[in-house]
Amino acid sequence: MKTDLIYSGKAKDIYATTDDQQIVAVYKDQATAFNGGKKEEVVGKGRLNNLISSLIFEKMEAAGIATHFIKRLSDTEQLNKKVDIIPLEVVLRNITAGSFSKRFGVEEGIELATPIVEFYYKNDDLDDPFINDEHVAFLDLASAEDLAYIKAETRKINDFLKDLFAQIGLRLVDFKLEFGYDKDGHILLADEFSPDNCRLWDADGNHLDKDVFRRGLGDLTEVYEVVLAKLQEVK
Ligand code: UDP
């Protein structure tokens, strides 16, 4: 089914398939942070992120959110619809943390009255710069109409995910999404949703996400196993 390797990313390899509208994403045992500045092999991470991401995409699809997910093929492989990725990292924040706290000089852990959506230009050479809607127009990344849809969809996804994680006692602090155009020009949620691209805090303030790796707080796979086990309990 999978044929040529078409893209090798930090966390996933993407393969073409015999169907030109489908790709296979292979989740890798590699953890990176700081735009690749910190990089380590983490055995078992590919499986965990594939299982977590597949489970979340399935729940999203059931809730009527349009994603690229077709099905999980194996422990580390997922079959996805082929999309043209929009080079935007769409970040939504419910609680202050990470670069937001640094940039604005505010402590981590402050609940935002209205969740904030941010855009970053997905470009490793430029270190993914922080941009606004006018930069999106200048760079011709998406039309104003498509950007408005992406923003509204991100808030809708947040409502769904915040509730999902609340059911397992976790606070969804922030997350990053990527969207793409399918062959008909429809916008689909793409990439992955895993503890690699969100922040999850438990009631005691423990981090159950990639900050464990970024900040050297403990064993990444142990923490991701906990997230997977909790998600598997949700009906
Ligand atoms: N994020 C991501 N990929 C990136 C940058 C950020 O998935 O290249 C996620 C990150 O895991 C967090 C959210 O986006 O859940 C906000 O990240 P932030 O801007 O605070 O940056 P960081 O502190 O991770 O550098």
Side-chain angles (χ1 to χ4, degrees), residues 7-12 14 25 27-28 30-40 42 45-46 48-50 52-53 56-57 67-68 85-112 114-132 135 141 150-151 153-155 157-158 160-162 164-166 170-180 189-202 205-218 220-221 223-224 227 231:
Y7 177 77
S8 184
K10 296 191 206 79
K12 295 183 288 296
I14 306 296
Y27 283 64
K28 303 203 275 200
Q30 180 170 277
T32 62
F34 315 115
N35 199 11
K38 180 173 179 179
K39 184 160 142 182
E40 264 171 43
V42 179
K45 175 174 171 287
L48 286 163
N49 276 354
N50 182 42
I52 292 170
S53 189
I56 290 178
F57 278 140
T67 81
H68 70 158
I85 290 282
I86 301 167
L88 266 185
E89 302 206 334
V90 184
V91 168
L92 183 139
R93 301 181 186 272
N94 292 307
I95 298 172
T96 60
S99 74
F100 185 94
S101 289
K102 279 204 198 79
R103 178 173 295 122
F104 300 114
V106 292
E107 61 182 296
E108 295 197 315
I110 301 166
E111 190 105 26
L112 296 162
T114 305
I116 293 178
V117 177
E118 299 177 343
F119 301 114
Y120 295 82
Y121 179 28
K122 195 171 146 67
N123 185 319
D124 280 342
D125 293 340
L126 300 176
D127 228 353
D128 300 343
F130 187 43
I131 58 172
N132 68 21
H135 298 112
L141 305 181
I150 286 169
K151 223 169 158 174
E153 195 66 6
T154 298
R155 292 191 184 280
I157 291 167
N158 181 48
F160 172 77
L161 290 175
K162 231 172 37 176
L164 175 68
F165 286 110
L170 298 180
R171 299 167 79 199
L172 179 61
V173 174
D174 57 29
F175 58 84
K176 184 264 299 180
L177 302 178
E178 293 180 26
F179 293 86
L189 177 65
D191 193 45
E192 69 179 89
F193 195 95
S194 74
D196 263 16
N197 41 51
C198 69
R199 287 192 166 95
L200 299 166
W201 294 351
D202 71 12
N206 295 311
H207 298 247
L208 282 84
D209 54 57
K210 204 164 84 172
D211 275 346
V212 168
F213 173 73
R214 290 191 195 93
R215 302 178 186 189
L217 302 174
L220 187 93
T221 50
V223 165
Y224 285 25
V227 175
L231 283 169

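Order of appearance sets the numbers: ligands from 1, and atoms from 1 within every ligand.
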Examine ligand 1 and decide if any of its atoms is less than 4.0 Å from a heavy atom belonging to Asp196.
yes
Establish whether atom 9 (C) of ligand 1 and some protein heavy atom are separated by less than 4.0 angstrom.
yes
Could you tell me whether Lys102 approaches ligand 1 through its side chain, its backbone, both or neither, with non-hydrogen atoms closer than 4.0 Å?
neither
May I ask you to check whether Arg93 has an N/O atom sitting below 3.5 Å from an N/O atom of ligand 1?
yes
Part of Val173 with heavy atoms under 4.0 Å of ligand 1, whether side chain, backbone, both or neither
neither
Given Arg214, Arg215, Arg199, identify the one with the heavy atom nearest to atom 23 (O) of ligand 1.
Arg199
So the atoms of ligand 1 within less than 4.0 Å of a heavy atom of Gly98 turn out to be 20 (O), 23 (O)
Do Asn158 and Asn94 meet the criterion of a side-chain donor-acceptor pair at a distance under 3.5 Å?
yes
Let me confirm one number: the CG-OG1 distance from Leu88 to Thr154, rounded to the nearest 0.5 Å.
9.5 Å
Identify, for atom 12 (C) of ligand 1, the protein heavy atom at the shortest distance, and state residue, atom and that distance.
Asp174 OD1, 3.2 Å
Rounded to the nearest 0.5 Å, what's the gap from OG1 on Thr32 to CD on Glu40? Could you check?
10.5 Å
In this structure, are over 12 heavy atoms from other groups packed under 6.0 Å from Lys38 atom NZ?
yes
Any chance the side chains of Ser194 and Tyr27 put a donor and an acceptor closer than 3.5 Å?
no
Check for me whether Lys45 meets the cation-pi criterion with Tyr224, that is, NZ or CZ under 6.0 Å from the six-membered ring centre and within 45 degrees of the ring axis.
no
Cationic N near anionic O, under 4.0 Å, Asp209 to Arg199:
no
With the threshold set at under 4.0 angstrom, would you say Lys210 reaches ligand 1 through any of its heavy atoms?
no
Could you check atom 4 (C) of ligand 1 against the protein and tell me its nearest heavy-atom contact, residue, atom and distance included?
Glu89 OE1, 3.4 Å
Heavy-atom distances under 4.0 Å are what count here, so tell me which part of Glu118 touches ligand 1: side chain, backbone, both or neither.
neither
For Cys198, take its heavy atoms, then give the atoms of ligand 1 lying under 4.0 Å from any of them.
11 (O), 15 (O)
The residue among His68, Lys122, Lys176 that forms side-chain hydrogen bond (donor to acceptor under 3.5 Å, both in side chains) with Asp191 is Lys176
Could you tell me whether Glu108 and Arg215 make a salt bridge, using a distance below 4.0 angstrom between a side-chain N and a carboxylate O?
yes
Quick one: do Ser99 and Arg93 satisfy side chain to side chain donor-acceptor pair (under 3.5 Å)? Show the steps, please.
CA-CA 11 Å; Ser99 74; Arg93 301 181 186 272; 3.1 Å; yes
Looking at Asn197, which atoms of ligand 1 are within less than 4.0 Å of one of its heavy atoms?
7 (O), 9 (C), 11 (O), 15 (O)
Indicate whether atom 15 (O) of ligand 1 is within a distance of less than 4.0 angstrom of some protein heavy atom.
yes
Atom 1 (N) of ligand 1 [closest protein heavy-atom partner, distance rounded to 0.1 Å]:
Lys176 CB, 3.8 Å
